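This report concerns only the one structure given below.
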Amino acid sequence: SFELVVNPSPVLPIDLGLIGCSPFNLTSISDQVDSEFNLSFFETQNDAELGSNSIANPQEFSFNEREFTLYLRAENQNACVGITELDLTKGDCEIPRGISPNGDGINDNFDLTFLTADAGGGSIVIYSRYGREVYNKGNYSNQWAGQDKNGNQLATGSYYYILDLNQENPEFGKTIKRWVYLQNNK
């Protein structure tokens with residue numbers, strides 16, 4: 001005789017999704033899933049079922065399409081597994097028109113991560129209203145917080161920039177020339 005114990009598989013929502021700008025933080029989905037599960041993310045259902053080739057950096061997942069479907073694998077303490085689809089949709093991702101680096105966590109940096117991550121990187125040059133270069137950075141994502149090349153805070157005002165992406169963005173192109181307003185309260 002023997003005793004058979006059947007443990008339930010994790011129960012997952014069937015309508016999981018994230019809307020936002022790339023790169024996506026896939027781990028933010030954890031608030032929609034039971035916290036006792038160990039979560040991993042996969043690009044194919046087969047990989048999710050096998051538990052192989054998980055996405056290496058789920059905090060910064062990028063893709064080029066408007067929509068993308070991943071597979072979420074949840075494993076409980078009994079090693080039982082549940083798998084569901086996770087739909088990612090790029091929302092209206094806009095280039096910021098202004099920043100206010102005052103330390104409140106809102107618009108403190110000129111964040112262009114949604115562009116540079118999809119394009120494999122890019123470089124930026126920022127100019128004063130008089131055409132003087134005040135800042136430049138290769139491999140740019142969100143490093144500018146109103147400082148000049150030497151780290152000194154710049155004055156409040158409009159600044160002009162040229163962002164050169166490594167790959168063309170279907171909406172913005174490869175080279176973006178615009179302005180950004182710096183509200184410096186420091």
Side-chain angles (χ1 to χ4, degrees), residues 9-77 79-96 98-124 135 137-147 161 163-172 174 176 180:
S9 293
V11 177
L12 299 169
I14 57 171
D15 58 347
L16 286 176
L18 292 173
I19 298 174
C21 296
S22 187
F24 281 82
N25 179 358
L26 303 177
T27 62
S28 67
I29 201 73
S30 62
D31 62 346
Q32 298 180 45
V33 179
D34 193 329
S35 63
E36 70 184 46
F37 299 145
N38 181 23
L39 304 179
S40 48
F41 304 88
F42 301 84
E43 292 194 40
T44 69
Q45 185 172 359
N46 188 49
D47 283 347
E49 290 169 357
L50 296 173
S52 63
N53 300 316
S54 66
I55 293 171
N57 187 359
Q59 289 84 12
E60 293 187 19
F61 181 74
S62 295
F63 57 96
N64 292 326
E65 299 82 15
R66 178 98 172 125
E67 296 177 344
F68 197 82
T69 298
L70 294 176
Y71 297 88
L72 170 65
R73 176 185 170 111
E75 191 170 335
N76 65 19
Q77 69 274 9
C80 295
V81 172
I83 296 172
T84 191
E85 290 183 358
L86 172 58
D87 295 318
L88 306 178
T89 304
K90 288 185 182 176
D92 293 328
C93 301
E94 295 293 324
I95 296 174
I99 64 169
S100 57
N102 58 10
D104 67 356
I106 302 169
N107 295 322
D108 285 333
N109 297 52
F110 189 45
D111 191 353
L112 301 176
T113 308
F114 78 96
L115 284 170
T116 58
D118 283 349
S123 61
I124 194 166
Y135 181 85
K137 176 80 173 138
N139 200 24
Y140 185 80
S141 59
N142 67 351
Q143 294 88 346
W144 190 62
Q147 75 276 17
Y161 65 90
L163 175 68
D164 283 315
L165 299 172
N166 292 347
Q167 298 173 10
E168 186 164 342
N169 178 284
E171 184 176 348
F172 298 103
K174 190 168 184 334
I176 301 166
V180 59

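All figures in this text were calculated on a predicted structure; none of them were measured in a lab. One-based numbering along the sequence shown.
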Task: Residue among I124, N169, L165, D111 satisfying side-chain contact (heavy atoms from CB on, under 4.5 Å) with T116 - done: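 Only match with T116 under side-chain contact (heavy atoms from CB on, under 4.5 Å): L165.
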Task: Distance-minimising heavy-atom pair for G20 and C93 - done: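 Nearest heavy atoms, G20 then C93: O-SG, 3.7 Å.
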[X] side chain to [Y] backbone, donor-acceptor under 3.5 Å:
| X | Y | value |
| --- | --- | --- |
| Q143 | S141 | yes |
| N166 | G120 | yes |
| R73 | A48 | yes |
| N109 | N142 | yes |

- [ ] Please lay out, stage by stage, how Y71 and E85 fare under the test side-chain contact (heavy atoms from CB on, under 4.5 Å).
- [x] CA-CA 5 Å; Y71 297 88; E85 290 183 358; 3.5 Å; yes
TODO: Go through L18 and T89 one step at a time and tell me if the side-chain contact (heavy atoms from CB on, under 4.5 Å) criterion holds.
DONE: CA-CA 6 Å; L18 292 173; T89 304; over 6 Å; no
Open item on the list: Could you walk me through whether D87 and E67 satisfy the side-chain contact (heavy atoms from CB on, under 4.5 Å) test, starting with their C-alpha distance in whole Å, then the side-chain angles of each, then the deciding distance to 0.1 Å, before giving a yes or no?
Closed with: CA-CA 7 Å; D87 295 318; E67 296 177 344; over 6 Å; no
Euclidean distance, [Y] [atom2] relative to [X] [atom1], rounded to 0.5 Å:
| X | Y | atom1 | atom2 | value |
| --- | --- | --- | --- | --- |
| L70 | S40 | CG | OG | 11.5 Å |
| S123 | D164 | OG | CG | 5.0 Å |
| N57 | N25 | CG | CG | 9.0 Å |
| I99 | D108 | CD1 | CG | 8.0 Å |

Residue pair [X] / [Y], side-chain heavy-atom distance below 4.5 Å:
| X | Y | answer |
| --- | --- | --- |
| E49 | F42 | no |
| L39 | T27 | no |
| L86 | L88 | yes |
| P23 | T113 | yes |
| L112 | P96 | yes |

TODO: Indicate, with yes or no, if the rings of F68 and F61 have centres closer together than 6.0 Å.
DONE: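 When the ring centroids of F68 and F61 are compared, they turn out to be within the sub-6.0 Å range.
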Open item on the list: Counting neighbours of CG on L50 that are heavy atoms of other residues, nucleotides or ligands and sit closer than 6.0 Å, is the number greater than 12?
Closed with: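 More than 12 heavy atoms, drawn from other residues, nucleotides or ligands, come within 6.0 Å of this atom.
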Task: Under the ring pair (Phe, Tyr, Trp, His ring centres under 6.0 Å) test, residues paired with F110 that sit two or more places apart - done: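 Checked F110 against ring pair (Phe, Tyr, Trp, His ring centres under 6.0 Å); matches are Y161.
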TODO: Starting from the C-alpha separation in whole Å, work towards a yes-or-no answer on side-chain contact (heavy atoms from CB on, under 4.5 Å) for L26 and Q59.
DONE: CA-CA 6 Å; L26 303 177; Q59 289 84 12; over 6 Å; no
TODO: Specify whether W144 and Y135 have parallel, tilted or perpendicular ring planes, treating 30° as the upper limit for parallel and 60° as the lower limit for perpendicular.
DONE: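 Tilted, since the angle between the ring planes falls between 30° and 60°.
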Open item on the list: Cation-pi check for F63 against K90: NZ or CZ below 6.0 Å from the six-membered ring centre and within 45 degrees of the axis, yes or no?
Closed with: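 Geometry flag: set, cation within 6.0 Å and 45°.
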